[in-house]
Structure formats: C-alpha cells, structure tokens
Amino acid sequence: MSVKIYHNPRCSKSRQTLALIEEQQVEPEIIKYLETPPTAAELDQILTLLGVEPEALMRKKEAEYKEAGLNVSGLNRAQQIEKMVAYPKVIERPIVVNGSRAAVGRPPEQVLSVL
C-alpha cells in the first residue's frame with residue numbers, strides 16, 4: 001500500500017510532516033491538493049478513515065470558508081464535501097493516508113501512527 005500526503009508546500013506543518021515521513025524511509029505520493037483537489041469520493045473516504053465529519057477537517061479562518069458558504073448551518077455531509085472540493089484551501093493539512101489508515105499532521109508526529 002502506498003502512502004499519500006495531501007500537501008501544501010507553503011505550509012510549515014505540511015513541510016515538517018513530509019520531512020518526518022521521508023526520515024522514516026517512506027517515499028510518499030505527494031498530492032498538492034490545492035492544484036489537484038481530492039474528488040468528493042476521495043474526500044469522503046479520507047473523512048471516514050479519519051473518523052471525523054467534514055467540519056472537523058475545515059480551516060474555518062480561511063476567507064474561502066465564508067465564501068463557500070460553509071459558515072451556514074444546515075448543509076449535509078455531501079454538500080460540505082462538495083464545497084471543500086470546490087474550495088480546497090478550506091481543507092486542513094497535511095493529511096497522510098496509508099491504506100486503511102489516515103492522520104492529520106497537526107502536530108506532524110501524529111502521522112507516525114499510520115506509517
């Protein structure tokens with residue numbers, strides 16, 4: 001099973017997490033999710049692996065959070081996921097997926113549990 005990291009090279013936590021993975025002699029598939037966002041199905045799967053609802057994986061301080069209308073209550077899971085895909089900047093980062101396990105690299109050491 002290959003390790004994937006949903007990565008933003010401009011984010012220090014994302015860079016630290018990638019370095020930590022590489023220190024473990026793991027060559028992850030690097031997905032620059034701002035350029036290549038996950039599909040709704042992929043994001044749904046990631047949320048399921050993390051065991052969280054979409055809101056737990058949102059960056060609520062990003063301007064796009066309001067712009068996407070994610071600050072409005074009443075959106076169902078599928079609607080939230082669609083908006084996260086359309087506005088990938090609101091997706092928390094970095095996310096590391098290894099087979100049937102996933103972790104958010106906040107703090108970066110948290111991903112060690114899925115390697």
Side-chain angles (χ1 to χ4, degrees):
M1 210 39 90
S2 69
V3 175
K4 292 180 185 176
I5 179 171
Y6 290 85
H7 179 60
N8 178 351
R10 296 184 63 205
C11 169
S12 64
K13 293 284 185 226
S14 202
R15 290 192 308 269
Q16 290 168 11
T17 300
L18 179 57
L20 194 61
I21 293 169
E22 289 171 341
E23 283 171 18
Q24 303 302 309
Q25 310 302 308
V26 174
E27 276 290 317
E29 176 186 345
I30 299 170
I31 301 163
K32 294 180 181 173
Y33 73 95
L34 294 178
E35 297 168 16
T36 311
T39 65
E42 288 169 333
L43 188 54
D44 186 47
Q45 176 68 20
I46 290 167
L47 289 162
T48 299
L49 294 177
L50 289 169
V52 300
E53 288 304 313
E55 196 147 303
L57 201 60
M58 289 182 201
R59 299 175 59 84
K60 295 175 180 75
K61 293 185 175 135
E62 294 289 343
E64 287 82 354
Y65 178 74
K66 257 187 163 162
E67 195 180 301
L70 286 162
N71 58 333
V72 177
S73 61
L75 295 176
N76 65 32
R77 179 181 168 102
Q79 290 168 321
Q80 289 176 320
I81 289 171
E82 281 176 29
K83 288 184 179 286
M84 290 170 78
V85 169
Y87 295 84
K89 223 176 191 183
V90 303
I91 301 172
E92 188 59 87
R93 61 185 180 254
I95 303 167
V96 175
V97 177
N98 185 8
S100 62
R101 299 180 305 163
V104 176
R106 291 193 172 266
E109 296 74 27
Q110 205 161 284
V111 304
L112 294 174
S113 65
V114 301
L115 296 179

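Each residue takes its place number in the sequence, starting with 1.
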**Fill in**
Hits for side chain to side chain donor-acceptor pair (under 3.5 Å) against T17, two or more places apart or cross-chain, chain-then-number order -> none

**Test side chain to side chain donor-acceptor pair (under 3.5 Å) applied to E22 - qualifying residues, sequence neighbours left out** = none

Should [X] and [Y] be counted in the same cluster of Ile, Leu, Val, Met, Phe, Trp and Tyr side chains packed under 4.5 Å apart?
{"X": "I95", "Y": "L18", "value": "no"}
{"X": "V3", "Y": "V97", "value": "no"}
{"X": "V52", "Y": "V90", "value": "yes"}
{"X": "L47", "Y": "V96", "value": "no"}

**Message:** So, taking the atom named CD1 in I46 and the one named OG1 in T39, what distance separates them when rounded to the nearest 0.5 Å?
**Reply:**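 The distance works out to 8.5 Å.
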
**Asked** Could you state the interatomic distance from CG (L50) to CG (L57), rounded to the nearest 0.5 Å?
**Response** 6.0 Å

**Request:** Please name the pair of heavy atoms, one in L43 and one in M84, separated by the smallest distance, quoted to 0.1 Å.
**Result:** CD2-CB, 3.6 Å

**Asked** Considering all heavy atoms of both residues, which atom of L49 and which atom of G99 are nearest to each other, and what is their separation?
**Response**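 Of all heavy-atom pairs spanning L49 and G99, the closest is CD1-O, 3.8 Å.
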
**Request:** Sequence neighbours left out, what passes salt bridge (charged side-chain N to carboxylate O under 4.0 Å, His left out) with E62? Give chain and number order.
**Result:** R59

Check residues 24-38 and write down every donor-acceptor pair under 3.5 Å in which the side-chain atom is one partner and the other belongs to a residue at least two apart or another chain.
{"from": "Q25", "atom 1": "NE2", "to": "E23", "atom 2": "O", "distance (Å)": "3.4"}
{"from": "Y33", "atom 1": "OH", "to": "I91", "atom 2": "O", "distance (Å)": "3.3"}

Sequence neighbours excluded and cut-off under 3.5 Å, please list the side-chain donor-acceptor pairs for residues 63-76, or say none.
{"from": "Y65", "atom 1": "OH", "to": "L70", "atom 2": "O", "distance (Å)": "3.3"}
{"from": "N76", "atom 1": "OD1", "to": "A78", "atom 2": "N", "distance (Å)": "3.1"}
{"from": "N76", "atom 1": "OD1", "to": "Q79", "atom 2": "N", "distance (Å)": "2.8"}

For residues 101-115, which side-chain donor-acceptor pairs fall under 3.5 Å, sequence neighbours excluded?
{"from": "R101", "atom 1": "NH1", "to": "S113", "atom 2": "O", "distance (Å)": "3.2"}
{"from": "R101", "atom 1": "NH2", "to": "V114", "atom 2": "O", "distance (Å)": "3.1"}
{"from": "R106", "atom 1": "NE", "to": "E92", "atom 2": "OE2", "distance (Å)": "2.8"}
{"from": "R106", "atom 1": "NE", "to": "R93", "atom 2": "O", "distance (Å)": "2.8"}
{"from": "Q110", "atom 1": "NE2", "to": "V104", "atom 2": "O", "distance (Å)": "3.2"}
{"from": "S113", "atom 1": "OG", "to": "Q110", "atom 2": "O", "distance (Å)": "2.9"}

